Amino acid sequence: MIKIQNLVKTFNKTVAVNNLNLTINEGSITGLVGSNGSGKSTLLRTITGVYNPESGNIFINDKTTFENNEFKGESYFIPDFPFYYGKSTIETHASYLRKIYPNWSDITYNNLLNVFTLNPKAKILEMSKGMQRQASLLLAFSTQPKYLFLDEIFDGLDPVIRQVVKKIIINNAAEYNMTTVIASHNLRELEDLCDRIVLMHQGELVIDKDIDDMKESFCKVQVAFSDTNGLPVTFKNLNIFRKTQNGNVYTLTVKGEKNEIISALKEMEPAFMEVLPLTLEESFISEMENINYDIKNILSI
């Protein structure tokens with residue numbers, strides 16, 4: 001379990017992470033989202049011991065992470081811009097990691113070379129962006145980490161490889177109880193992978209919810225009326241966060257319990273009514289409007 005308590009990290013006079021408290025459970029897959037400058041990358045670097053916080057604590061099983069060699073031996077962090085020396089190949093980098101990661105698996109390494117179809121002797125810096133990402137992931141999974149931290153890892157990967165990476169993460173979480181934290185701007189990419197989403201804004205924690213709980217907080221409904229003459233459709237009894245209209249057809253995003261919302265709408269005797277699936281992005285937008293945040297300044301949508 002990762003416990004973050006009153007964490008503060010600054011750069012000169014800029015506060016990158018501000019008094020953040022968060023608990024990440026073992027074996028979970030957590031999505032970390034927010035706009036540029038929200039503190040996502042700084043938080044990952046501080047959890048993994050790259051940065052030492054000004055104040056607060058980060059505990060892994062009751063031990064701090066900074067300068068914790070045991071934790072570093074069982075965790076792996078892929079930053080948004082991974083660093084490799086000019087002549088580094090997958091093979092030479094694997095030789096280095098094999099010496100410092102006690103759980104390194106040659107079986108996993110060789111299997112993933114076939115999955116990603118990479119040349120282990122090719123220089124990593126001469127690969128395309130997507131292939132460099134694949135090389136980083138191949139090496140990360142081969143260390144058999146107990147904790148995996150990824151920063152914008154899906155950027156540059158083609159759709160097939162994205163699905164492969166998601167499957168590997170899910171399988172490792174189920175089989176080895178691997179804990180994964182993924183920072184990304186792409187909510188759609190995280191929707192079918194993560195069981196929990198954490199939203200940061202200006203260095204602070206804004207939302208921390210299970211995906212299922214978030215989706216159940218709101219209901220999206222399309223409803224049509226055969227005749228609205230003399231009926232200003234105000235939906236007074238509903239807590240509406242978003243409403244669009246096309247003729248007599250309304251699309252509503254409503255906060256509340258689904259059955260109660262449907263019952264209230266049925267009392268208006270609509271000609272047609274259908275509950276629509278609510279995406280993670282729509283759930284987040286509604287959540288943010290619910291706490292009066294300016295969506296355009298928080299999420300890239």
Side-chain angles (χ1 to χ4, degrees), residues 28-38 40 152 154-155 159-160 162-163 166 170 182-202 204-301:
S28 64
I29 304 174
T30 301
L32 182 61
V33 300
S35 59
N36 291 327
S38 61
K40 304 186 303 298
E152 297 294 351
F154 295 111
D155 187 21
V160 173
R162 289 179 193 173
Q163 293 304 315
K166 290 178 185 178
I170 292 170
I182 308 169
S184 177
H185 285 96
N186 194 330
L187 289 173
R188 291 186 181 91
E189 205 66 70
L190 299 177
E191 185 166 7
D192 58 353
L193 175 62
C194 298
D195 44 37
R196 183 180 177 198
I197 293 291
V198 171
L199 173 66
M200 293 182 66
H201 181 55
Q202 295 181 351
E204 297 183 352
L205 177 66
V206 178
I207 291 175
D208 173 18
K209 280 191 175 184
D210 289 344
I211 287 182
D212 291 340
D213 290 343
M214 184 175 300
K215 289 186 176 181
E216 289 176 1
S217 299
F218 294 86
C219 182
K220 185 178 180 181
V221 185
Q222 192 170 74
V223 59
F225 297 91
S226 56
D227 182 13
T228 58
N229 185 30
L231 174 65
V233 185
T234 56
F235 306 104
K236 290 182 179 180
N237 296 326
L238 297 175
N239 190 356
I240 294 177
F241 279 80
R242 180 158 300 178
K243 178 176 70 174
T244 60
Q245 180 181 0
N246 185 6
N248 290 350
V249 180
Y250 294 82
T251 302
L252 312 171
T253 301
V254 189
K255 182 175 176 61
E257 204 278 324
K258 182 172 71 173
N259 291 333
E260 293 179 0
I261 293 168
I262 292 173
S263 295
L265 288 171
K266 283 183 176 179
E267 292 180 2
M268 302 180 68
E269 300 181 352
F272 169 82
M273 182 171 61
E274 180 183 13
V275 177
L276 303 175
L278 195 67
T279 66
L280 178 60
E281 187 171 274
E282 288 173 321
S283 299
F284 252 108
I285 291 171
S286 299
E287 288 277 8
M288 298 311 299
E289 290 175 344
N290 186 36
I291 57 176
N292 298 319
Y293 270 82
D294 184 356
I295 298 300
K296 292 182 180 179
N297 290 329
I298 297 177
L299 296 177
S300 301
I301 58 175

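Fair warning: this is a prediction, and the values are worked out from it, not measured in the lab.
Side-chain contact between L265 and V254: absent, with no pair of heavy atoms (C-beta onward) separated by less than 4.5 Å. Using a 4.5 Å cut-off on side-chain heavy atoms (C-beta onward), F154 and I182 make contact. A 4.5 Å side-chain heavy-atom check between T279 and E191 finds at least one atom pair inside the cut-off. Taking 4.5 Å as the limit, some side-chain heavy atom of I262 sits within range of a side-chain heavy atom of K258.
Judged by distance alone, with hydrogens and angles left aside, the side-chain atoms of E152 form a donor-acceptor pair with the main-chain N or O of H185 at under 3.5 Å. Using modelled atom types, no side-chain atom of D195 and backbone atom of S28 make a donor-acceptor pair closer than 3.5 Å. Between the side chain of Q245 and the backbone N or O of G247 there is at least one donor-acceptor pair closer than 3.5 Å. Between the side chain of K40 and the backbone N or O of G34, at least one donor-acceptor pair lies under 3.5 Å.
When all heavy atoms of S226 and N248 are compared, the closest pair comes out as O-ND2, 3.7 Å. Nearest heavy atoms, I197 versus V33: CG2-CG2, 4.0 Å.
Under the 30°/60° scheme for interplanar angles, the aromatic rings of F218 and F241 are found to stand perpendicular.
Within 6.0 Å of CG in D192 there are more than 12 heavy atoms belonging to other residues, nucleotides or ligands.
Note that CG of L190 is 14.0 Å distant from CZ of R196, once rounded to the nearest 0.5 Å.
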Under the criterion side-chain contact (heavy atoms from CB on, under 4.5 Å), I'd like the reasoning laid out for Y250 against I240: C-alpha separation, chi angles, the key distance, then a yes or no. CA-CA 12 Å; Y250 294 82; I240 294 177; over 6 Å; no

